[in-house]
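Here the structure is laid out as structure tokens; the discussion comes afterwards.
The shown structure was predicted, so the numbers you read here are calculated from the model rather than taken from an experiment. Scope of the values below: all heavy atoms of this structure, side chains included, with no hydrogens, waters or symmetry mates. Just so you know, ligand 1 is whichever comes first in the structure, and atom 1 is the first atom listed for that ligand.
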Amino acid sequence: MPISDMTTSDNPDDPTDRWAELDGPEAVAAAAGRLRQITNAPSEIAAQRRFLDLLAPGPGEHVLDVGAGTGEITLELIRRVQPDGAVTALDPSHGLLAIAQTAAQEEGLNKALTIDIGDARDLPYADDRFDIAFCHWVLLHVEPPEDVIREMARVVRPGGRLMCVEVDWETMTISPGDRDLVRHIVRANVDRQIDGQIGRRLVSMFRQAGLQNVRVEPIVDVDCDGDQDGWLEVLKSRIPVVVDSGLVSSQEAQQWWSEVEEAVARGDYFFSLTQFAVVGQKPN
Ligand SMILES: C[S@@+](CC[C@H](N)C(=O)[O-])C[C@H]1O[C@@H](n2cnc3c(N)ncnc32)[C@H](O)[C@@H]1O
């Protein structure tokens with residue numbers, strides 16, 4: 001499963017986006033399992049390498065990971081700032097951060113990790129404290145995302161870097177399917193997030209926050225065979241979301257799904273989704 005299947009729920013009948021207020025041990029365990037599965041898919045590991053190479057955290061730097069969750073990327077950030085750098089992981093979920101801390105301990109990286117409970121819209125740090133502020137798959141769950149970027153810019157030192165990585169769900173392409181039906185399916189998937197189109201707005205938000213040297217790395221995931229990292233499974237799990245939206249009837253959705261399965265069997269299936277990694281610099 002390459003790019004974030006953003007629901008925390010494993011129940012396909014519950015289409016709610018609940019990352020914004022994750023609570024309770026069961027929700028935390030489900031969310032942690034899903035994040036692990038997604039972020040460890042081969043295409044996501046390749047994507048992480050691309051955007052972290054663009055950000056280029058180096059030895060000795062202090063990185064803030066905003067909305068770090070279970071720390072899947074936090075640990076890689078720590079590895080990249082070794083031997084004398086450090087990472088601070090902030091998240092509202094104590095349960096997710098506890099998993100991050102245990103994982104860091106298991107790898108012997110915990111001395112370089114600080115965890116803080118907090119809200120990205122009101123970061124509990126002094127101005128200019130970090131070399132880098134990083135945020136991965138968080139902004140589509142937070143209202144308003146501009147506040148997060150403004151706060152990230154505040155806590156980074158002059159000359160320091162910010163990076164946000166977000167999927168734009170409207171970039172999803174699928175074949176087969178009736179043109180209007182597929183449009184409805186895409187729309188239902190976009191509208192289940194607080195902002196499913198966040199990817200396309202990152203550059204503008206970075207510029208409005210006064211950041212310079214803003215660059216974009218588009219990362220496109222493609223599945224032509226129906227077997228690329230579980231994408232077909234993600235699509236199937238979205239059928240209740242689509243029906244729940246009222247845009248597509250249950251019968252239409254089931255009919256479409258049969259067409260998808262037939263296309264996979266024939267070898268003429270196509271799926272793609274784009275995420276955008278945006279990096280910028282705080283002026284000196
Ligand atoms: C899809 S997960 C991504 C986690 C992690 N960045 C990763 O890529 O593995 C979304 C994360 O955003 C966090 N989150 C939700 N609302 C937040 C807020 N207001 N401030 C900071 N983090 C938030 C959630 O707790 C969760 O850890």
Side-chain angles (χ1 to χ4, degrees), residues 1-10 16-41 43-52 55 57 63-78 87-104 113 115-125 132-152 154-155 162-169 192-196 198-199 202 219 234 273 275-278:
M1 193 182 306
I3 298 180
S4 175
D5 173 18
M6 297 290 184
T7 181
T8 59
S9 173
D10 282 331
T16 319
D17 172 356
R18 292 181 298 164
W19 281 110
E21 39 187 285
L22 192 60
D23 205 11
E26 278 179 25
V28 166
R34 192 160 284 239
L35 259 183
R36 192 173 309 116
Q37 184 188 18
I38 297 162
T39 50
N40 288 309
S43 55
E44 270 317 303
I45 290 171
Q48 286 161 26
R49 199 174 306 122
R50 276 174 64 187
F51 62 68
L52 289 180
L55 180 63
V63 183
L64 173 64
D65 187 358
V66 176
T70 54
E72 298 290 342
I73 300 175
T74 317
L75 297 196
E76 180 56 21
L77 288 167
I78 296 176
V87 176
T88 297
L90 174 131
D91 201 280
S93 167
H94 181 270
L96 293 180
L97 286 178
I99 292 169
Q101 195 165 40
T102 302
L113 175 66
I115 59 168
D116 286 326
I117 310 286
D119 190 312
R121 293 164 291 195
D122 186 16
L123 293 172
Y125 308 114
I132 292 174
F134 172 79
C135 183
H136 181 259
W137 293 349
V138 175
L139 294 182
L140 81 169
H141 305 297
V142 182
E143 180 72 59
E146 288 85 354
D147 285 4
V148 179
I149 293 174
R150 191 198 61 236
E151 277 291 89
M152 289 169 72
R154 179 182 67 76
V155 302
L162 272 73
M163 174 172 272
C164 293
V165 185
E166 296 291 340
V167 172
D168 190 314
W169 281 98
R192 72 196 289 267
Q193 320 288 353
I194 288 177
D195 187 353
I198 191 81
L202 291 177
I219 299 169
V234 173
L273 185 64
Q275 58 182 324
F276 298 98
V278 176

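- The atoms of ligand 1 that sit less than 4.0 Å from any heavy atom of G69 are 27 (O).
- Using a 4.5 Å heavy-atom threshold, the side chains of T39 and Q48 count as touching.
- Under a 3.5 Å cut-off, the side chain of R154 and the backbone N or O of Y125 do form a donor-acceptor pair.
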Tell me, with the steps shown, if M152 and V148 meet side chain to side chain contact (heavy atoms under 4.5 Å, CB included). CA-CA 6 Å; M152 289 169 72; V148 179; 3.9 Å; yes
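- Taking a cut-off of under 4.0 Å to the non-hydrogen atoms of A68, the atoms of ligand 1 that pass are 5 (C).
- Summarising the geometry of L113 relative to A89, their closest heavy-atom pair is CD1-CB, 4.0 Å, with the distance given to 0.1 Å.
- If you take CD1 on I149 and CG on L202, they are separated by 6.0 Å, rounding to the nearest 0.5 Å.
- A 4.5 Å side-chain heavy-atom check between H136 and F51 finds at least one atom pair inside the cut-off.
- Taking every heavy atom of both residues into account, G67 and D91 meet most closely at C-OD2, 3.2 Å.
- When the options T70, D91, V28 are ranked by their closest heavy atom to atom 13 (C) of ligand 1, first place goes to D91.
- Close contacts between ligand 1 and L35 involve ligand atoms 4 (C), 9 (O) [criterion: under 4.0 Å to a heavy atom].
- Residue H141 has no nitrogen or oxygen atom sitting less than 3.5 Å from a nitrogen or oxygen atom of ligand 1, judged on distance alone.
- Residue-to-ligand polar distances place G67 within reach of ligand 1: an N/O pair is separated by less than 3.5 Å.
- Of the polar atoms of H136, at least one N or O is found under 3.5 Å from an N or O of ligand 1, judged by distance alone.
- Note: no N/O pair closer than 3.5 Å links V138 and ligand 1 by distance alone.
- Close approach of ligand 1 to W137 (heavy-atom distance below 4.0 Å) involves ligand atoms 1 (C), 2 (S), 3 (C), 10 (C).
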